[in-house]
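Notes to accompany the following structure.
Please read all numbers here as calculations on a predicted model, not as lab measurements.
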Amino acid sequence: MAAGPDHATVAEALVAHRADTVFGMPSYLWQLFHAEADRLRAYGGIRTVFYGGEHFTGEQRRVLMEEFGVEVIRSAAYGSTDLGPLGYQCASSDGSVHHVLTDLHTLEILDPEADRPVVPGEPGRLVFTTRARAGQRLERYEIGDLGRAVEGPCACGSHVPRLELLGRYGDVVRVGTYFLNYRRVVAAAQERLAYHGEVQLVVRSGAGREELTIRLDEQYADDPGAAHRALATEVAELASAEAEGLLALTVETVPREAFERTATSGKLRTVIDLRAA
């Protein structure tokens, strides 16, 4: 069945047909499990979650496993519309680590600012050349993702190269003269607040300084003041920009439905930059 907006109907079908596996985007599945939390907890039959398009955070994985009885959470594949399948997860791969489909593609990891290879293990732009596409040639194609090579053999025994996905180019935004990485904010929320929910950054132009609003799910963050202090302490760029009077930082706790998503795919808009609007 498809992922529809009527979460009650989806959950009812999962229970009625004794489904034990779901596949979808993390932002949709996260909404589904929470909108129908009582029903899906009582059922307790969802054992495997496959996802694509985004990634679950460590805290979100923990919630799904501990509260809903999920046993396996795994990326179904890493790919793109233009290039097709690019990587896969073995049983020993966690988070955003994937083996590269080297029979299909050649991967280069290039410096974010220049067309030169990064030092092995350092993050950079993922650039693919496909060797199996019949319709047209795609050489040194920038997919828009950031990643790093994972060194050493995999515990699964395969020597196929691995990469760790580190987000999209748009996950890094310059605000208050500092470069702020969205993933760093998410990690700080997990580490300092044991936060499980989604995170959204909204950037605006202010009268005398730029404004950054960090939206958190009110179910998992009930004290905006404490969240503000924790994030500013953990993320040095935020503290520096505030101290220098270059940034007005606000933390909002909002209902899950208030997060803005893309109209076509329903993906969470991680960074919303309204300065050019």
Side-chain angles (χ1 to χ4, degrees), residues 25-27 50-58 74-90 92-175 178-187 199 201 203 237 261-262 264-273 276:
M25 288 186 303
S27 55
F50 287 119
Y51 62 86
E54 304 166 319
H55 296 287
F56 284 108
T57 68
R74 192 84 62 200
S75 167
Y78 170 47
S80 78
T81 302
D82 298 327
L83 291 168
L86 300 169
Y88 66 92
Q89 281 199 330
C90 66
S92 300
S93 298
D94 292 318
S96 61
V97 174
H98 293 73
H99 288 278
V100 181
L101 288 169
T102 52
D103 289 344
L104 303 179
H105 311 281
T106 297
L107 168 64
E108 299 173 80
I109 304 179
L110 303 181
D111 187 283
E113 305 296 332
D115 286 336
R116 60 171 179 265
V118 298
V119 175
E122 291 297 313
R125 296 176 288 130
L126 302 184
V127 179
F128 289 88
T129 296
T130 180
R131 303 191 302 278
R133 195 175 183 90
Q136 69 270 72
R137 295 176 64 85
L138 290 176
E139 298 185 0
R140 306 198 80 191
Y141 187 87
E142 288 203 41
I143 197 171
D145 288 337
L146 299 171
R148 69 175 188 89
V150 178
E151 301 298 309
C154 181
C156 74
S158 172
H159 290 271
V160 174
R162 291 177 294 160
L163 77 152
E164 180 182 11
L165 299 172
L166 300 175
R168 302 283 293 173
Y169 292 172
D171 287 347
V172 179
V173 60
R174 185 160 187 162
V175 57
Y178 288 87
F179 286 101
L180 181 64
N181 190 316
Y182 167 82
R183 302 292 168 185
R184 183 71 191 92
V185 177
V186 173
V199 178
L201 309 185
V203 186
E237 296 86 349
R261 305 179 189 278
T262 58
T264 53
S265 67
K267 285 184 182 180
L268 176 71
R269 295 183 62 192
T270 55
V271 179
I272 303 172
D273 194 338

Going by side chain to side chain contact (heavy atoms under 4.5 Å, CB included), Leu201 matches just one of Val185, Val186, Thr270. Which one?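 Exactly one candidate clears the test, Val185.
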Between [X] (side chain) and [Y] (backbone), is there a donor-acceptor pair under 3.5 Å?
X: Thr262; Y: Lys267; answer: yes
X: Arg125; Y: Glu108; answer: no
X: His98; Y: Gly87; answer: no
X: Glu122; Y: Arg148; answer: no
X: Tyr182; Y: Val199; answer: yes

Can we say Asp273 and Arg174 salt-bridge, meaning some charged N sits less than 4.0 Å from an Asp/Glu carboxylate O?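 Arg174 and Asp273: not salt-bridged.
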[X] and [Y]: which non-hydrogen atoms are nearest, and at how many Å?
X: Arg162; Y: Gly152; value: NH2-O, 3.1 Å
X: Leu110; Y: Arg140; value: CD1-NH2, 3.7 Å
X: Phe179; Y: Glu237; value: O-CG, 3.7 Å

Under 4.5 Å between any side-chain heavy atoms of Ser158 and Cys90, yes or no?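 A side-chain contact under 4.5 Å is absent here.
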Is the shortest heavy-atom distance from the side chain of Leu165 to the side chain of Leu126 under 4.5 Å?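 Leu165 reaches Leu126 side chain to side chain.
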